Amino acid sequence: MPRPPAVDLYSDTQTRPTAAMRRAMADAEVGDEQQGTDPTVNRLCARTAEMLGQEAGLFLPTGTMCNLVAVAAHTSPGDAIVASADSHIVRSETGGAAAYSGVITDLLPADRGRFGPEAAAEALAPGHVYRPWPRLVCLEQTHNFGGGTVWPLGQYRAVAEAAHEAGVPVHTDGARLFNATVASGTDPEVWGEPVESIWIDFTKGLGAPIGAVLVGGRDFIQAARMHKHRCGGAMRQAGIAAAGCLHALDHHIERLADDHANAARLAEGLAALGLGTEEVETNMVWIEVAPTGSGAAEFLERLAARDVRMSRVEERVRAVTHLDVAAADIETAIAAVAAVLDESA
């Protein structure tokens, strides 16, 4: 098998559990998750719901499944959901909402993933025989394809208020929500309380190997549980995985600030080399590689030859800092990019 690159900036999904997290997982108290008797899973769900100001939580294997079952629990076939055109639920989930729930998506243009209450209100006009009824607004915090951007709290609340005035609930894809809380200096509950459902992914910046928790009202979670089972998401002794997530809550939230600092340093170093980067708000650096004289694929191939890995999104390159990337690795990555540029020149 090929060995991992020396510096892996492909995604924050590339983290590996720390030794302390592995010990916590090995020592976990377990039961039957499907029957609701796994005590570690139950503690994780209750703690996450409390942190986000919601009544109940549901443990799922992946964040994508959180979105899948949440849309299903909020909607009926033939309904419309409203989301930014570049949201994860639209671009990266293989049409799951349409395939599973039978909904269409009303795509809103957005500024780095964020739209305003006026755009939301317009999209939430009542449906009729020629237009499906909008039944759910979907937000994303932080916004991946927007560049790891953080919704300003006032704008976030205003969009939720516009949805509620139209009688429509709001669901937040909170895969990297703790990156937003650390970057903005806010508590998690301020993002959870204005919406009807929200979830946390523990396998990104928090560094756990598996698991996400969807939270909301008790009735909503009961409906979501049915869809979780229908999707094949019910588990047995899942406390082993949940223990890693609990460890992450205890030890890996505040350290996200290190990832943000490393991303800012990477952007600074790349800018000094003449590459364009979008404004860095959290742990993502989006890079324009046109100045290299090559396309994104060729640039990444040359970078990989120097043992540094990033990812391609169309003709842009994305670098994501995380638990397994140290400050010294950032300097290594900058030097590797400089070597690629010298070669191109």
Side-chain angles (χ1 to χ4, degrees), residues 12 44-57 63 66-67 70 83-84 87-89 110-117 120 137-164 169-208 212-217 245-264 267 278-285 320-323:
D12 45 9
L44 175 65
C45 290
R47 183 173 174 185
T48 306
E50 182 180 10
M51 292 180 75
L52 295 174
Q54 295 285 351
E55 292 181 338
C66 287
N67 279 336
S84 69
S87 62
H88 192 278
I89 202 169
D111 176 17
R112 301 189 72 192
R114 301 162 295 197
F115 51 85
V137 172
C138 297
L139 309 179
E140 186 176 331
Q141 178 76 309
T142 64
H143 199 286
N144 181 4
F145 293 112
T149 48
V150 180
W151 278 76
L153 181 56
Q155 184 178 356
Y156 182 89
R157 285 174 168 165
V159 169
E161 183 177 349
H164 296 154
V170 181
H171 167 69
T172 296
D173 173 337
R176 295 178 175 90
L177 185 73
F178 284 117
N179 288 96
T181 66
V182 169
S184 62
T186 56
D187 291 328
E189 65 183 333
V190 305
W191 306 104
E193 287 178 341
V195 302
E196 280 64 44
S197 59
I198 186 170
W199 57 272
I200 299 295
D201 193 333
F202 292 92
T203 71
K204 294 185 169 67
L206 296 180
V213 173
L214 172 68
V215 301
C245 302
L246 284 167
H247 179 86
L249 290 179
D250 289 333
H251 301 285
H252 292 171
I253 294 177
E254 292 183 2
R255 64 146 308 279
L256 291 171
D258 297 336
D259 297 342
H260 300 171
N262 285 337
E278 295 183 355
E279 179 185 358
V280 174
E281 296 189 16
T282 53
N283 67 326
M284 293 187 186
V285 182
V320 187
T321 55
H322 52 79
L323 179 65

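All values below come from the heavy atoms of this structure, side chains included, with hydrogens, waters and symmetry mates left out. Quick caveat: nothing in here was measured; it's all calculated off a predicted structure.
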For this session: Side-chain contact test, heavy atoms from C-beta onward, threshold under 4.5 Å: evaluate it for H143 versus S84 and give yes or no.
Result: yes

Exercise. Can a donor-acceptor pair be found between the side chains of N179 and H260 at a distance below 3.5 Å?
Worked result: yes

Problem set entry | Test item: T149 side-chain N/O and R112 main-chain N/O as donor-acceptor pair under 3.5 Å | yes

Exercise. For the atom pair CD1 (I253) and CG (L177), what is the distance rounded to the nearest 0.5 Å?
Worked result: 9.5 Å

Exercise. Does any N or O in the side chain of Q54 come within less than 3.5 Å of the main-chain N or O of G192, such that one atom is a donor and the other an acceptor?
Worked result: yes

Problem set entry | L256/K204 under side-chain contact (heavy atoms from CB on, under 4.5 Å): CA gap, chis, key distance, verdict | CA-CA 11 Å; L256 291 171; K204 294 185 169 67; over 6 Å; no

Exercise. More than 12 non-hydrogen atoms from neighbouring residues, nucleotides or ligands closer than 6.0 Å to CD on E278, yes or no?
Worked result: yes

Exercise. Measuring from L206:CG to L249:CG, what's the distance to the nearest 0.5 Å?
Worked result: 6.5 Å

For this session: Show your reasoning for whether side-chain contact (heavy atoms from CB on, under 4.5 Å) applies to T282 and R176.
Result: CA-CA 10 Å; T282 53; R176 295 178 175 90; over 6 Å; no

Exercise. Once the angle between the rings of W151 and Y156 is folded into 0 to 90°, is it parallel (under 30°), tilted (30 to 60°) or perpendicular (over 60°)?
Worked result: perpendicular

Seminar exercise, completed: Nearest heavy-atom contact between A263 and V280 is CB-CG1, 3.8 Å

Exercise. With no hydrogens and no angle check, is any side-chain donor or acceptor of R114 less than 3.5 Å from a backbone partner on V150?
Worked result: yes

For this session: With side-chain contact (heavy atoms from CB on, under 4.5 Å) as the test, would you mind laying out the steps for N144 and M284 before giving the verdict?
Result: CA-CA 8 Å; N144 181 4; M284 293 187 186; 3.3 Å; yes

Problem set entry | T48 and W199: CA distance, side-chain angles, deciding distance, side-chain contact (heavy atoms from CB on, under 4.5 Å) verdict | CA-CA 9 Å; T48 306; W199 57 272; over 6 Å; no

Problem set entry | Under 3.5 Å donor-acceptor, T172 side chain and I198 backbone | no

For this session: Look at the side chain of D12 and the backbone N and O of V320, then say whether any donor-acceptor pair between them is shorter than 3.5 Å.
Result: no

Problem set entry | Heavy-atom pair with the smallest gap, counting every atom of L52 and I200 | CD1-CG1, 3.8 Å

Problem set entry | E189 side-chain N/O to M51 backbone N/O, donor-acceptor pair under 3.5 Å | no

Exercise. Measuring from H88:NE2 to N67:CG, what's the distance to the nearest 0.5 Å?
Worked result: 8.0 Å

For this session: Please report the closest heavy-atom contact between I89 and A83, naming both atoms and the distance.
Result: CG2-CB, 4.2 Å

Problem set entry | Closest approach of G217 to E55 (non-hydrogen atoms, all atoms of both residues) | CA-OE1, 3.5 Å

Exercise. Is there a donor-acceptor contact under 3.5 Å linking the side chains of H171 and S197?
Worked result: yes

Seminar exercise, completed: Scanning both residues in full, the closest heavy-atom pair of A212 with G63 reads CB-N, 3.9 Å

Exercise. Do the non-hydrogen side-chain atoms of D201 and F178 ever get within less than 4.5 Å of each other?
Worked result: no

Problem set entry | Polar contact flag, side-chain donor to acceptor under 3.5 angstrom, T181-W191 | no

For this session: Measure from the side-chain N and O atoms of E193 to the backbone N and O of G53, and report whether any donor-acceptor pair falls under 3.5 Å.
Result: no

For this session: Looking only at non-hydrogen atoms, find the nearest pair between V213 and V215 and report the distance.
Result: CG1-CG1, 3.8 Å

